[in-house]
Amino acid sequence: MTQGIIRQVFRDHYSAYCQARRLSWRERWAAHQLQTCRTEDQGYHVLRCAAGDYEATRFNSCKHRSCPVCGSGETDKWVREQDALVLPCPYHQIVFTMPDGLHPLWLYNRAVFTNLLFQAAWESLQAFTDDPRWLGASRRRVAACRA
């Protein structure tokens with residue numbers, strides 16, 4: 001059902017869309033994959049039962065991540081895997097990055113640079129959690145424990 005609708009949209013609008021815009025090779029490839037998903041252009045495979053009582057020819061799917069039929073299974077799997085990583089408690093994620101200009105230094109000595117990066121991140125977190133202007137989280141936690 002979904003594939004038929006997608007093919008109809010491409011048949012009706014794709015050529016005009018291409019004339020109005022310059023598409024990258026990735027966009028053209030994705031459009032081709034979606035238009036030919038589960039058609040003879042993608043090839044086929046034959047299903048046979050071991051006893052030889054049944055044989056059916058099926059067209060191959062495009063397996064493109066943008067395809068609502070082929071890509072949705074992989075997307076759903078990825079989302080489930082990410083959900084499994086979420087901690088079962090309230091928390092905040094903090095991300096520390098480094099400027100691009102320091103990347104060669106990191107490549108030169110990853111162990112030392114990574115240790116320094118984590119040390120700087122830890123010191124930054126401590127400074128923010130200790131300062132009542134920002135979070136004051138350490139002081140609140142201590143005050144809550146005393147009460």
More than 12 heavy atoms of other residues, nucleotides or ligands under 6.0 Å from CZ of Phe96: yes or no?
yes
Listed by chain and number, what are the side-chain contact (heavy atoms from CB on, under 4.5 Å) partners of Gln82, not counting sequence neighbours?
Trp78, Leu85
Would a 4.5 Å heavy-atom cut-off, applied to side chains only, mark Arg7 and Thr39 as touching?
yes
One should read off an interatomic distance between Cys67 SG and Gln35 CD, to the nearest 0.5 angstrom, of 11.5 Å
hydrophobic_cluster_shared for Trp122 and Ile94, side chain cutoff 4.5 Å
no
Donor-acceptor pair, side chain of Thr129 and main chain of Gln126, under 3.5 angstrom:
yes
Distance-only, no hydrogens or angles: does the Arg48 side chain make a donor-acceptor pair with backbone N or O of Glu55 under 3.5 Å?
no
Under the ring pair (Phe, Tyr, Trp, His ring centres under 6.0 Å) rule, what pairs show up with a residue in residues 3-41, not counting sequence neighbours?
Phe10-Tyr14, Trp29-His32
May I ask you to test the Cys70-Cys37 pair for a side-chain heavy-atom distance under 4.5 Å?
yes
How long is the span from the CZ atom in Arg28 to the CZ atom in Arg22, to the nearest 0.5 Å?
8.5 Å
Look at atom CZ of Arg11 and say whether more than 12 heavy atoms of other residues, nucleotides or ligands are closer to it than 6.0 Å.
yes
According to a 4.5 Å side-chain heavy-atom criterion applied to Ile, Leu, Val, Met, Phe, Trp and Tyr, with indirect links allowed, do Leu105 and Met98 form part of one hydrophobic cluster?
yes
Is a side-chain N or O of Gln8 found less than 3.5 angstrom from the main chain of Gly4, in a donor-acceptor match?
no
Would you say that Leu23 contacts Cys18 through its side chain, given a criterion of any heavy-atom pair below 4.5 Å between the two side chains?
yes
Have Gln119 and Asn115 got a donor and an acceptor in their side chains that come within less than 3.5 Å?
no
Heavy atoms from other residues, nucleotides or ligands near CG of Asp100 exceed 12 (cutoff 6.0 Å):
no
Looking only at non-hydrogen atoms, find the nearest pair between Pro68 and Ile6 and report the distance.
CG-CD1, 3.0 Å
Gln42 and Asn60 have their tightest heavy-atom pair at O-ND2, 3.2 Å
Does atom CD of Glu81 have more than 12 heavy-atom neighbours, drawn from other residues, nucleotides or ligands, at distances under 6.0 Å?
yes
Flag, side chain of Arg58 to backbone of Val46, donor-acceptor distance under 3.5 Å:
no
Can you check whether Leu102 reaches Phe113 side chain to side chain, under 4.5 Å on heavy atoms?
yes
